[in-house]
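Below is one structure; the comments refer to it alone.
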Amino acid sequence: MRVVIVGAGMAAARLADGLAGHDVVLLGDEAHPPYNRILLSAVLEGTHDVSRLALGLADHVDVRVDSRVVEIHREEREVELADRSRLAYDALVLATGSIPTLPPIRGLVRVDGRLDERVHAFRSLDDCLRLDAAVPGAGRAVVVGGGLLGLQVARALAVRGLETEVVEGGEHLLRSQVDARAGAILARDLARLGTTTYTGARATRLTGEGLVLDNGFTLDSDLVVLTAGGRPSTALARRAALEVRRGVVVDDRLTTSDPHVHAIGDCAQHGGRVTGFVPPAWEQAGVLARILRGEPATYDGARTVARLRATGLDVAVLGEPLTAEGEVVEVSNPVVGSHRRLVVRDGVVVAATLVGDLSRVGLITQHFDRRTVLGPHEPGALLMPERTAPPPVLPDNAEVCACAGVSAGAVRACASVEEARATTRATTGCGGCAATVRDLITRSTPQLEGTHR
Ligand SMILES: Cc1cc2nc3c(=O)[nH]c(=O)nc-3n(C[C@H](O)[C@H](O)[C@H](O)COP(=O)(O)OP(=O)(O)OC[C@H]3O[C@@H](n4cnc5c(N)ncnc54)[C@H](O)[C@@H]3O)c2cc1C
């Protein structure tokens, strides 16, 4: 059976990996084979080398770069590429990701239709390399969009020595994930790290003087980075008359309105929701791999975990804390820049926000994933770790890496972080579990006494 996957991004790579024994063709329109997109801000920051981004693929996968699919011929079960060649499929998977939105700012696009040379998108490796090359000649940068991506990019540019400002149209930072109090703590953290944020302000024009905001400020800027959100990439599916709302609509078997066509990752809409993060994209890829291998599997859409990776800023969001119904248990300490909030329904953690202190994220994620029913004092205790108490010991079946679904036991079985990385794929997604993985391995590796190194 030939499985053709459109898009050679993070969901596609994970799915292809799970389809050993099949004829798998990955068609990507970028010039690079699949790479870890979420480490791009670390590359920009200078803490990650670009050579370590590649998502290794097994030999059964035929990856074709610079191969844009322009049409799906559903009757013939073929896709058509930009060079007009066609490729037949038994199963087609759309993993086309999302497209960054261009905010309505006058002057972003020049009369010749190209972006002003100060303006940068930040979605692909090529965007990252272009911005990286522009940093040495720049002194000031403005990031438009105060979401997870915007804050990562802003930190990266600040760490590179640029005077960096963030403009966010909403009333506070990370407005899709956290409440106003957590947003304010993040703004303070950023200010402490030297980055000014303008919230409730919209950029309206880019002129020779800089970026003009609707609050009267003009921000002098050599670089303007657009990170103001994105939308699922659905044009191909729409043209093929598949059911599309915000994303390509799929059922619990990740199948579209055509039984031979599936969709996963940022482009898919399941249960009325689109996602936009790696953990659900990889979970969908794992479920679809089982389905295509003929095993019973369904996707219930329950899991959304988002982590911000940037030096000096720690954020983890489980579920949908802004809309989840339940009782709120909250500890906020603006003085040290930490904010922890659990939404608990019938004793179960249904959502959580952790800003500034992720020391308990492993344990909280475990309860969240398993829907553990907690006693009345436990949610509070989770947020108020005793300073003198030893750190909690994660049981073997506790999940440590939300991106790759790796348990504490699987990590403990490895002799080194490198082995855990290679054999379990822990730390290869957002990297948020790196400290926990290191800690588990250090604690489980017998220390040699009386030896010299
Ligand atoms: C800079 C950046 C940082 C991020 N940081 C995080 C993070 O810290 N944590 C997190 O959980 N998520 C993060 N995300 C989001 C995360 O990267 C996505 O959720 C994830 O990549 C989704 O995987 P995907 O395969 O659906 O889409 P992508 O990885 O975006 O892959 C889609 C691919 O399809 C290609 N494509 C589209 N149309 C066609 C076509 N017609 N023909 C051929 N190819 C096509 C695209 O060019 C792209 O290469 C980040 C995103 C970006 C851009």
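For ligands, and for the atoms within them, numbers begin at 1 and follow the listed sequence. Residue numbers start at 1 and run along the sequence shown. Bear in mind the structure is a predicted one, so any value in this text is a computation, not a measurement.
- To the nearest 0.5 Å, atom CZ of residue R290 and atom CG of residue L15 are 11.5 Å apart.
- Of all the atoms in ligand 1, the ones that sit under 4.0 Å from a non-hydrogen atom of L27 are 43 (C), 44 (N).
- Set against the non-hydrogen atoms of L149, the atoms of ligand 1 under 4.0 Å away are 1 (C), 2 (C), 3 (C).
- At distances below 3.5 Å, at least one donor-acceptor pair connects side-chain atoms of T227 with backbone N or O atoms of V144.
- Every atom of ligand 1 is numbered from 1 in the order shown, and the set under 4.0 Å from a heavy atom of E30 is 47 (O), 48 (C), 49 (O).
- Rounded to the nearest 0.5 angstrom, R239 CZ and T234 OG1 are separated by 10.0 Å.
- Within ligand 1, the atoms closer than 4.0 Å to a non-hydrogen atom of P279 are 11 (O), numbered from 1 in the order shown.
- In terms of protein heavy atoms, atom 8 (O) of ligand 1 is closest to Q152 OE1, 3.3 Å.
- The only option from D23, V25, V261 that meets the side-chain contact (heavy atoms from CB on, under 4.5 Å) definition with Y89 turns out to be V261.
- When only interatomic distances are considered, the shortest N/O to N/O separation between M10 and ligand 1 falls below 3.5 Å.
- Atoms of ligand 1 found under 4.0 Å from any heavy atom of R123 (numbered from 1 in listed order, with element): 46 (C), 47 (O), 48 (C), 53 (C).
- A salt bridge links R86 with E76; the closest basic N to acidic carboxylate O contact falls under 4.0 Å.
- For atom 42 (N) of ligand 1, the closest heavy atom belonging to the protein is V69 N, 3.0 Å.
- Remark: T164 OG1 to L193 CG distance equals 11.0 Å, nearest 0.5 Å.
- Residue-to-ligand polar distances place D266 within reach of ligand 1: an N/O pair is separated by less than 3.5 Å.
- Contacts with ligand 1 closer than 4.0 Å are made by no heavy atom of L308, backbone or side chain.
- When heavy-atom distances to ligand 1 are checked against a 4.0 Å cut-off, T275 has no atom that comes that close, whether in backbone or side chain.
- Atom 6 (C) of ligand 1 has its closest protein heavy atom at I38 CG2, 3.0 Å.
- Looking only at heavy atoms of the protein, atom 37 (C) of ligand 1 is closest to T96 O, 3.3 Å.
- Only the backbone of A95 comes within 4.0 Å of ligand 1, counting heavy atoms alone; no side-chain atom from C-beta on gets that close.
- Contacts between R307 and ligand 1 below 4.0 angstrom, taking non-hydrogen atoms only, involve the backbone exclusively.
- Some N or O of A11 is nearer than 3.5 Å to an N or O of ligand 1, by distance alone.
- With respect to atom 34 (O) of ligand 1, the closest heavy atom belonging to the protein is G7 CA, 3.2 Å.
- Proximity of a side-chain donor or acceptor of D222 to a complementary backbone N or O of G139 within less than 3.5 Å is detected.
- The protein heavy atom nearest to atom 11 (O) of ligand 1 is V278 N, 2.9 Å.
- Counting atoms of ligand 1 from 1 in the listed order, those under 4.0 Å from a heavy atom of F122 are 1 (C), 53 (C).
- Here's the thing with A281: none of its N/O atoms is less than 3.5 angstrom from an N/O atom of ligand 1.
- Considering backbone and side-chain atoms alike, G28 places every N or O at 3.5 Å or more from each N or O of ligand 1.
- Residues in residues 154-200 take part in these ring pair (Phe, Tyr, Trp, His ring centres under 6.0 Å) pairs, two or more places apart or across chains: Y198-F217.
- With a 4.0 Å cut-off on non-hydrogen atoms, S67 touches ligand 1 through its backbone and not its side chain.
- Screening residues 245-287 for ring pair (Phe, Tyr, Trp, His ring centres under 6.0 Å), with sequence neighbours left out, gives H270-Y299.
- Each of V317, V355, V315, D314 was evaluated against L308; a single residue qualifies, V315, per the side-chain contact (heavy atoms from CB on, under 4.5 Å) test.
- Here's the thing with D29: one of its N/O atoms is less than 3.5 angstrom from an N/O atom of ligand 1.
- In this structure, atom 29 (O) of ligand 1 lies nearest to the protein heavy atom R37 NE, 3.0 Å.
- Close contacts of ligand 1 with G265, meaning ligand atoms under 4.0 Å from a residue heavy atom, involve 26 (O).
- The pair E325-R345 fails the salt-bridge criterion, with no side-chain N (NZ, NE, NH1 or NH2) lying under 4.0 Å from an Asp/Glu carboxylate O.
- The residues E419 and R421 are annotated as not salt-bridged, no charged nitrogen and carboxylate oxygen being separated by less than 4.0 angstrom.
- Residue-environment remark: CZ (R2) exceeds the threshold of 12 foreign heavy atoms within 6.0 Å.
- The shortest N/O to N/O separation between F277 and ligand 1 falls below 3.5 Å.
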